[in-house]
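What follows is a set of notes on a single structure, which appears directly below.
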Number of protein chains: 2
Amino acid sequence: MTDARSIADSHPDTVRPATRDVILDAAERVVSREGSGRLTIDAVVRESGFSKGGVLYNFPSKQALIEGMVSRLILQAQEDCDCALEQATATGANPVATLIHVILAFKRTHRDVAMAVLAAASESPELLDPVRAMMARIRNDIIANAPDPVMARIALLAADGLHLADLLGLDMITPDEQEAVEARLIQLVSEPSPK
Amino acid sequence: MTDARSIADSHPDTVRPATRDVILDAAERVVSREGSGRLTIDAVVRESGFSKGGVLYNFPSKQALIEGMVSRLILQAQEDCDCALEQATATGANPVATLIHVILAFKRTHRDVAMAVLAAASESPELLDPVRAMMARIRNDIIANAPDPVMARIALLAADGLHLADLLGLDMITPDEQEAVEARLIQLVSEPSPK
DNA sequence: AAATGCAAACCGACCAGACGGTATAGATGC
DNA sequence: GCATCTATACCGTCTGGTCGGTTTGCATTT
């Protein structure tokens, strides 16, 4: 009864017009517009056009709603990664470089959602557990299999640094500089270590 | 009247027992113990031993209190950086490497406070403006003057990545790995670019 | 040096509003 | 008519902030 439809959406869009997704979209809009501290149920109600009852029917609590946002984000990220990596192994491209691309692309596309996740995390860190698990799963073997694991790790860290700094509004890098950094990162993980 | 003692404390510890600092300490303790979402005025009141009136006398609003936390943190960071860099130029050490060390040391020492700042930022991003300004001031010329600016930027980004991931509880790096990364970063910014 | 005056510092009860959540009634499709 | 949703009114709590009053440090007066 608590989860009339279970947490993971079973019927993506068939009969159900994906009410949950509409609500999640609204929540994302609220966060990106007013900041993650202003993510309140009433705000989502206002933004989504649904009533409070409707929202709370689909997400029985605020925590559930945030979990919904997080899990949708993770799903998206995992798809991005898996898809890109699959393509990379098919074409023989460098997996580390591929992952860097994915991270930076993700940064550009899902900035707002990631912010929400971040905010949620600061309040209840356990919400980040699945995120951490996903990151570990994807990265560890890539790093381990890289010709220069330390360098691979550094490159991924730098990409993360770029991403996170951007999320926090801390990055003051120009697009040109960022392009240079990106190119250099790819180069660093592509050639075998000089040492 | 609004700032009977002005914002920057004039008398560090002489006559005035630095009430503001006592309150800020309490706020930091609250955040590090209960998480940044639980940073409430009443919690600070309980933790500090002052009354609500007393706390709100020194920081007229919660926002002011958070600003106080941020500005004290910035002051600390700036001191750390300036001191280390001064020493570096005196001994001829690599400034980029020095800054990396400072970033990572800061991560270890002020983890809790930085978390609070981060959390505060996600609610009202403008609170991070001074942080951004400080980072820009210190970094830009270092990067510009480095023999390999792009590499320097990458190294600093990686250090940031490490720091931020840790703050968010996202990092799953072992101490050994971290040491390796650190050493390699130093090495990367120490030798002239191979290309 | 004791008394006086005054403002800065501090106290704690109180309030208004926001927020998360519930209860219950109404709509809609099968 | 039953299950699945959606809408509205409402409640209890928590929290930021106010306000009148009390204490404390300190200079001035006598």
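The structure displayed is predicted, hence computed values, not measured ones. Order of the sequence lines fixes the chain letters, A, B, ..., with proteins taken first and strands second; residue numbering starts at 1 for each chain.
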Checking contacts here: which listed nucleotide (C:dA9, D:dT6, D:dG16) is nearest the side-chain heavy atoms of A:Phe50?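 Per side-chain heavy atoms of A:Phe50, the pick is D:dT6.
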Which listed nucleotide (D:dG17, C:dG21, D:dA7) is nearest to the side chain of A:Lys62?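 Looking only at heavy atoms from C-beta outward on A:Lys62, the closest nucleotide is C:dG21.
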Tell me whether the OP1 or OP2 atom of D:dC5 has a side-chain N or O from A:Thr19 closer than 4.0 Å.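 The answer is no; no side-chain N or O of A:Thr19 sits under 4.0 Å from OP1 or OP2.
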Taking only side-chain nitrogens and oxygens of A:Thr40, does any of them come within less than 4.0 Å of OP1 or OP2 of C:dA18?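 No, A:Thr40 has no side-chain N/O under 4.0 Å of OP1/OP2 on C:dA18.
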Separation of [X] atom [atom1] from [N] atom [atom2], in whole Å?
X       : N      : atom1 : atom2 : result
B:Ile41 : D:dG17 : CD1   : P     : 5 Å
B:Phe59 : C:dA9  : CZ    : P     : 13 Å
B:Asn58 : D:dG17 : CG    : P     : 15 Å
B:Asp42 : C:dC14 : CG    : C1'   : 12 Å
A:Tyr57 : D:dT8  : OH    : C1'   : 18 Å

Could you check whether the side chain of A:Lys52 and the base of C:dG20 have a donor-acceptor pair of N or O atoms closer than 3.5 Å, going by distance alone?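 Such a pair is found, so the answer is yes.
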Would you say that more than 12 heavy atoms from the other residues, nucleotides or ligands in this model lie under 6.0 Å from the CD of A:Gln76, or not?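 Buried by this count: over 12 neighbours within 6.0 Å.
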Verify the neighbour count for atom CD of A:Gln78: are there more than 12 heavy atoms of other residues, nucleotides or ligands below 6.0 Å?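 Yes - once you tally the heavy atoms of other residues, nucleotides and ligands closer than 6.0 Å, there are more than 12.
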Close side-chain approach of A:Lys107 and A:Ile103, heavy atoms under 4.5 Å: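 Answer no - side chains too far apart.
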For the pair B:Asn94 (side chain) and B:Val189 (backbone), establish whether a donor and an acceptor sit closer than 3.5 Å, ignoring hydrogens and angles.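 A pair under 3.5 Å: yes.
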Earlier contact from the 5' end, DNA chain C, for B:Gly49 and A:Gln63: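 Mapping each residue to its closest nucleotide by heavy atoms, the 5'-most match is B:Gly49.
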Under 4.0 Å between any heavy atoms, over every strand shown, what does A:Leu56 touch: base, sugar-phosphate, or nothing? Just pick one.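 Base: the residue A:Leu56, judged by heavy atoms under 4.0 Å, touches a nucleobase.
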